[in-house]
Every structure is written in C-alpha cells, then in structure tokens.
Amino acid sequence: MPPDARIVGLASYLPGGTVGNDALAPALEESPDSIARRTGIERRYFAPEGEGPSDLALRAAHHALEQAGIGPTDLGLVIFATATPDVTFPGAACFLQDKLGAGTVGALDVRAQSAGFLCGLDLAAAFSELPGPRGGEDARYGHVLVAAGEVLSSGLDESPRGADLTPRFGDGAAVAIVGRAARGPRIAAVRWRTDGRLAERFWCEYPASRQFPLRINPQNLSAGRHFPRADLAGLAPIVRERLAEAAAEVLSLSGWPADSLAAAIVDYVEPSVARAAAESAGLPKPKTTVPTEEFAHVMAGGLAISLTEVAGKLGTGARVLLAAAGPGFSWGAAAIEL
Amino acid sequence: VKEDPVQVQRARILGVGGAVPERVVTNDDLAKRMDTSDDWIQQRTGIKQRHHISADCGATDLGKLAAEEALRRAGLGIDAIDALIFATLSPDIDWPASACLLAAKLGTRSIPAFDVRNQCSGFIYGLGTAEALVRTGRARHVLVVGGEIHSTGLDLTTRGREVGVIFGDGAGAAVIGPSPDPSRGILSTHLHAEGKFAEKLWLEAAASRKRPRIAPQDLDGDDPSGFPRMNGKFVFRHAVTRFPEVIREALEWNGLTLGDLDLLIPHQANLRINQMVAAGLELDEAKVVNNIERYGNTTAASIPLALREAIDSGRIHDGQVVCLAAFGAGFTWAAALLRW
C-alpha cells in the first residue's frame, strides 16, 4: 500500500499593512468603535492595486515549495480555490502557474467559497493518490499545489450602503503542497457540503450571465448589485448548526474526542457565530482560533492562513480541527494531524 | 470509526445528456447586427448557426435539462449523486458557484457542489476531477455538467465581431461512476496549462486585481475589458500544436498508438483547427466528430454535446478507443482517453 497523501508544505501570505476600522469609518459613515462592536472585527489586510489572489499565493507558494523540498516543475497539478479571481477568465490557477514557472503543468480553478480550502485540499489528496499506469508506488500526479485565497477588497461597497458587510472582508492567501509521503501533516478526514437553496442569502449577484440580454449593465452597477449582499441574521442559526454538525462528523470519522484537539480553527464571516458554533460543538474555548477575529473573512483562504499560523506553534502529532461555513451555502470540516 | 475508502480500479461515463436554447441565430442574423457575412464566418470557423437564449436564463437552467437526461440514461436518480461539478466560464451569478444553484434545481442531497473554471478545457478538467473522486473512493457517482450562456457576455456589434460570431449557448452533462469492467471506462486524463498566454484569450473585468474590479467604463470604449478579447491567430497556432501533442500523450500513456484510436471528439472551437489536427494526425474524417456548424463554440459544453451526438448516431461502439481533447483560454488543454 503506498503512503497516504499528506501536507508536505504549507505557507500563507497577508498583504500590506493592516487596515483598521478607522480607515473604513469615514466612507461608511460609522464610527470605528461601532464597526468593531457590530462586526467583532478590528482589522483586515488589503492587497495593493494591481495584485490579485495569484500574486498573494505566489509569495506563499515559494515558501511551501521550499518546505516540500521540490521545485515548481516537480508539481503534477496546480489547484486554485477562490471566489475573486485576478480576472474573470482564465482563472487564478493559470496566473499562478505562470508566475511560478511551472511549465505546462495543469491548472485547475475551483469555486467553493468559504469551503474552498477544504474542497481544494480534498481534491489535491484525491489527485495525488491516483495511481500511475504501473500501479503501486507509481503516482499519476505526484505533488499537487493547492492555493486558496481572495482579493475581496476591490469589490466592496465603500459607501454607507455597504456599511453592514464591507468591514467584514479581507484579502490573503495560503498554499499547501499535498503528496504521498511518510511524514508531514496527515489529512485524517475532510467532509464538506452545500445547500444551494440558500445561495441567494449570501451572495454577489453581478456580473450575472443569466441576465438577458447583457450580463451586466450600468443600472446593475449603480444599484450596487455587484457588491456582496447577505442576510446574516437569518443565516446565523443555520451556520451554528451546520458548523457543529460538520465538526462532529470529522471528529467521529477520525475517532478523535473533542478534548484530544490541540487546536480548532472555526471560520465564519461573523466571529460571534463562529464562537457560538465552536461552543455547541464542544470545542475547547482557549484552543479555538477564529480567523475573522484576526484578519476578517478571506473566504477560501481563512482556514489555510490560520492553519499555517497554528501549525507553526504546535508539535508533530498535534490534532487540529478546521471548520468553515459561508456563501453557497457551503460548509465543512477537516481533521489534520500535524 | 475510520472509514476505509474503497479504491475503484476504473471510472466510466454512465450516461450523457445535452440541451441548447430554442432560438437559432444564423450567420445572416448576425450580419444584420454587425459588419460580417455568412461567407466570412463559415470560411474562417465552419460555423453556420448557434443557439442564443431569448429571455433571462442561466447556464444552470440548461445544465439542469442536460443533467436530467444524463441521469435518465445512466438509470440513476438524483439521490445517487455524491458530488456535482459544474464547468463554466459564464456563471449565472458572480458567487457563490453556479454548481450550488444547479444542485438546488436538481434537488440533490447536501453534497459537495463546486465550479470548475477552465474554459474550453473545463469539461475534461471536470471529468478528470470526477475520475479522481470516484477512483479514490471519495464519491461513487459524480455529475459533471458543462454549461454556458455566452450570448449575454458578447459584444454583438462590429466592434466585438471577432469573438462575437464564434460562441453559442448550451449545456452538456455526464454521470461518472465505477466501471463494472475494469478494462473499460476512463483510461486516463491529461491536464495542461500555460498561464503565460492568459491574456491571448480572456475576459478581464470583473477583475479583482483592478480597483474597482468592475466599473461602467469597462463596458464602453474602443476595446472594453468587460467583453472577451482574443488574438485569434495566436490561439489558432497554439491549438494546432497542443491538440496533437496531448492526444499522442494520452495514447502513449496507455501503450496505444494512433492506429488504435477509433474516434476523436475534439472541443468545437473552430472547424479549421479540427481539420488541421485531423490531417496532421492522418486521421480519417469518419473518425473525428464535428458539430460546430450547428452550435458554434459552446466551450465547456461542446464535448458532452458532441459525445451525445456521437452516441445517438451510432458512431461509438462498445470496446472502442475514444479520445476527448480540448484546447482554449488559459491557455489550458487536456485529453481524456476512454475505452467505451
């Protein structure tokens, strides 16, 4: 039996300096304190003009490849999970593949919102476990790079109309290298799901190819329908329930009691809802990290950025639970043994 | 309790489906809206007509029809589907993924549903992803749907004619599951990209790297970034190199030669590309499926639509070696080799 897929390199990147609530307050016509009280978020990071998620991921990718001890042309596939690609098409994976100098390695772009890292990680493990034509140790794809990240800042409504949601998002990216190996963090379980019936409760509608005769027009723009919109109050009870279920499911699949965890990372756009979900899942409070408290919601990137930080402080064998929920509606969890 | 994933030796296509909107747009229809002609379009692309929607309609609305047909032909109900992959470059909405909207329309269980955004190669990238999920025991049945509504994203004036005349709306779907006979099914998939040429065929705005990512001026001017742009000759040159390369790679990987190939189903971007590829590989015309004259380029939908036609017209027989191949924006290109 060939070894399981493991994470053999992991790194993250947050751009520029922090953007405090005081920087957003004037445009949103709300005081910095009020933003902090209402959202539970103090700061976020914004990418500079001209940088997309592939630029942020590139910096993380160099470190992750170095840890893995391989070069870009040793990769079998590049996967990028983002909701905010550099351009509409082609996707961020193509841009990252070029910036890395990864030759003609395949570049798969996926959209799974806040479950993006869970989706990308599971796909990377699946591809890296595929046997080659000779079977046994022979691998079809070998090492797979999975990037997860966003540049949300260029699509936020910086006017009083956007006051509710704009302070809740940030930019950032992380990269994991996944391959069959004897050492490195082991992916004990990943499960993620969607409920598209809730898709329009937390979304960015435009551009929308379903609109006849043009996918976007000046009226859509002036109505602000190309900015994120959400019914956060309506979603909160659903999020708490789904996050707790997802955490319980992967703990059960891994055979891990909740008190055996060294860390839990629970990501949702509202930190208070993430905290409440962690509590109802029975996760130990002092060991729980909520990414949105640190750098706001980076959708696909949040879990992976926090995992990089948490993993750096813990030793081999430590058990880490990841759980996230967001637009889609999508949610899921993973159990990682460092 | 740790689940032991069941490795599956081979995945196969269990059923395919397709759908296009009713409205047919001929080259003459386009010539009324822009400075072009039926002769000009046919000579360069082989396209005679394409289908465009005539009212609000998303790629997932067509995708639903295609998916339901694929499920019927596979003899499976929607509850049998463990994951849904939607390949598109023209999503219904910006986010979340259109796969979520499609899952809701089909009434799936709460399953992983995500978009693959790989343009013309999207269906084969999706197929390769489904193969990986099925073979590693992560899912038993995966629905792969490629769907596009291009017509609402095209500049159908003389300014946008180079791109505008090529694309059509449509959707195609395939159900992937374990193959009862390990000698038959998806033998391998081969995924490639060369992001160096991303801007040779692309749609820039909305672009997260710009601030703001989209604005009214992106829809206006001489060369608006809110509409797809293409360097046609450059794309053509690369396509006729990468197609034969990846087809040979797929055959060699499986220890087969061009002589073993029974049917090639290439992405339908341009009839002249496919003719040049077939000629270079010395493949008889009877071994190549083309239907671009009726649909135009439907990007992620073109291969399942052509596969469905090939099955329905009796061009594919059990045990035959079939190659699916695509090249397009990214650049991305890919092949899948099947033993039917």
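We name chains A, B, ... by the order of the sequence lines, and we start the count at 1 in each one.
A donor-acceptor distance shorter than 3.5 angstrom exists from the side chain of Gln113(A) to the backbone of Ala97(B), with no hydrogens or angles considered. With hydrogens and angles ignored, the 3.5 Å screen pairs no side-chain donor or acceptor of Ser208(B) with any backbone N or O of Gly52(A). Listed for the Ser154(A) side chain is no donor-acceptor partner under 3.5 Å among the backbone atoms of Arg211(B). Side chain of Asp86(A) to main chain of Ala207(B): no donor-acceptor pair is present (N/O by atom type, distance under 3.5 Å, no hydrogens or angles). For the pair Ser110(B) (side chain) and Arg193(A) (backbone), a donor-acceptor distance under 3.5 Å is absent.
Checked by atom type, the side-chain pair Arg242(B)/Thr104(A) shows no donor-acceptor distance below 3.5 Å. Side-chain atoms of Arg140(A) and His190(B) include a donor-acceptor pair closer than 3.5 Å.
The distance from atom CD1 of Ile149(B) to atom OG of Ser209(A), rounded to the nearest 0.5 Å, is 8.0 Å. Atom OG1 of Thr129(B) and atom CZ of Phe127(A) lie 3.5 Å apart (nearest 0.5 Å).
Using a 4.0 Å cut-off between charged nitrogen and carboxylate oxygen, Arg138(B) and Glu129(A) count as a salt-bridge pair. Ion pair Arg210(A)/Asp61(B) not flagged as a salt bridge, since none of the NZ, NE, NH1 or NH2 atoms sits closer than 4.0 Å to an Asp/Glu carboxylate oxygen.
The most heavy-atom pairs under 4.5 Å with chain A, out of Gly330(B), Ala329(B), Ser151(B), come from Gly330(B).
Contacts of Ala125(A) with chain B are made by both backbone and side-chain atoms, with heavy-atom separations under 4.5 Å.
Ring geometry for Phe169(A) versus Trp95(B): interplanar angle over 60°, hence perpendicular rather than tilted (30 to 60°).
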